[in-house]
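Every heavy atom of this structure was used, including side-chain atoms; hydrogens, water molecules and symmetry mates were not. This one's a predicted model, so the numbers in the text were calculated from it and none came from an experiment.
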Amino acid sequence: MRISVSSDMDEPVARLLLAELRGRGHEVLTHGALRAGDDPRWAVCSEAAASEVASGVSDQAVVCCWTGTGASIAANKVPGVRAALCTDAYTADGARRWNDANVLAIGLRLTSEPLLKEILDAWFAAEASQDADDRENVARVQRLDVSRGTGRAG
């Protein structure tokens, strides 16, 4: 699987994330502070990683900032992206299962190595629910991209 990864800071957990993803056999495309010369601002690098998911360049993305909140907000502004800020394995499982999330947001401040591995295990083990109500909720969110526009100024 090809996964885009962004981080606004070159923190140990961000480097561990890259190693974990590569160790699991994924091709990783980096953005922000993880790529020399790239713009490290969380809004910029999170948008870049999320845009690769929306365009089909990447299958999924992981976006990181200090709390994970800004990265998730920026990613969710990209039409076609369903980013979820996950602070534990249960949330990661639910995000993939019930929300068919295609972008994982991680906070650099509180995510330890064991917790990161648990979140990734749950994220990659879960599959999107085929329950009719769950699928309709995801479809409704997708329609918001079309009916309300991109939300971008000018």
Side-chain angles (χ1 to χ4, degrees), residues 1-11 13-18 20-22 24 26-89 91-111 116 119-120 122-130 133-154:
M1 184 181 304
R2 182 178 293 156
I3 302 176
S4 295
V5 177
S6 69
S7 182
D8 65 341
M9 293 183 284
D10 188 357
E11 291 286 313
V13 71
R15 289 291 167 183
L16 176 63
L17 172 63
L18 297 178
E20 273 294 313
L21 292 173
R22 289 178 178 134
R24 293 169 187 240
H26 300 294
E27 179 185 349
V28 177
L29 305 176
T30 58
H31 297 279
L34 303 174
R35 186 166 79 188
D38 209 18
D39 190 331
R41 293 177 295 167
W42 58 263
V44 175
C45 64
S46 297
E47 178 189 8
S51 293
E52 289 180 340
V53 173
S55 70
V57 169
S58 292
D59 302 297
Q60 295 181 4
V62 183
V63 295
C64 305
C65 69
W66 193 239
T67 66
T69 305
S72 67
I73 291 170
N76 274 315
K77 295 294 183 180
V78 177
V81 168
R82 293 174 305 283
L85 174 56
C86 297
T87 58
D88 58 51
T91 305
D93 174 76
R96 289 286 301 129
R97 186 174 315 279
W98 299 311
N99 312 126
D100 196 9
N102 52 13
V103 175
L104 170 63
I106 297 282
L108 298 171
R109 179 176 175 262
L110 296 177
T111 306
L116 177 64
I119 290 169
L120 292 175
W123 181 266
F124 290 118
E127 293 185 15
S129 169
Q130 296 307 306
D133 286 340
D134 294 335
R135 298 310 314 155
E136 177 51 34
N137 275 315
V138 171
R140 183 175 181 90
V141 169
Q142 290 173 321
R143 288 191 301 270
L144 290 173
D145 287 337
V146 175
S147 68
R148 304 236 168 110
T150 65
R152 294 185 184 149

Determine whether L110 and T87 make a side-chain contact, defined as any pair of heavy atoms from C-beta on separated by less than 4.5 Å.
no

Open item on the list: Could you tell me if the side chain of I3 sits less than 4.5 Å from the side chain of D59, heavy atoms only?
Closed with: no

Check your understanding: Is the side chain of D134 donor-acceptor paired with the backbone N or O of W98 at a distance under 3.5 Å, no angle test?
Key -> no

For the residue pair H26 / Q60, report whether a side-chain donor-acceptor contact shorter than 3.5 Å exists. no

task = Could you check if a side-chain atom of R109 sits within less than 4.5 angstrom of a side-chain atom of E11, using non-hydrogen atoms only?
result = no

Taken to the nearest 0.5 Å, the spacing of R15 CZ from D10 CG works out to 4.0 Å

_Is any side-chain heavy atom of V28 closer than 4.5 Å to one of L17?_
no

Could you check if a side-chain atom of R135 sits within less than 4.5 angstrom of a side-chain atom of D100, using non-hydrogen atoms only?
-> yes

On a heavy-atom basis, the closest approach of A101 and W123 is CB-CH2, 3.6 Å

* Check ion pair E136-R140 (N to O, under 4.0 angstrom) -> no

Can you check whether V78 reaches E47 side chain to side chain, under 4.5 Å on heavy atoms?
yes

Quiz item: So do the side chains of L21 and F124 get within less than 4.5 Å of each other, counting heavy atoms only?
Solution: yes

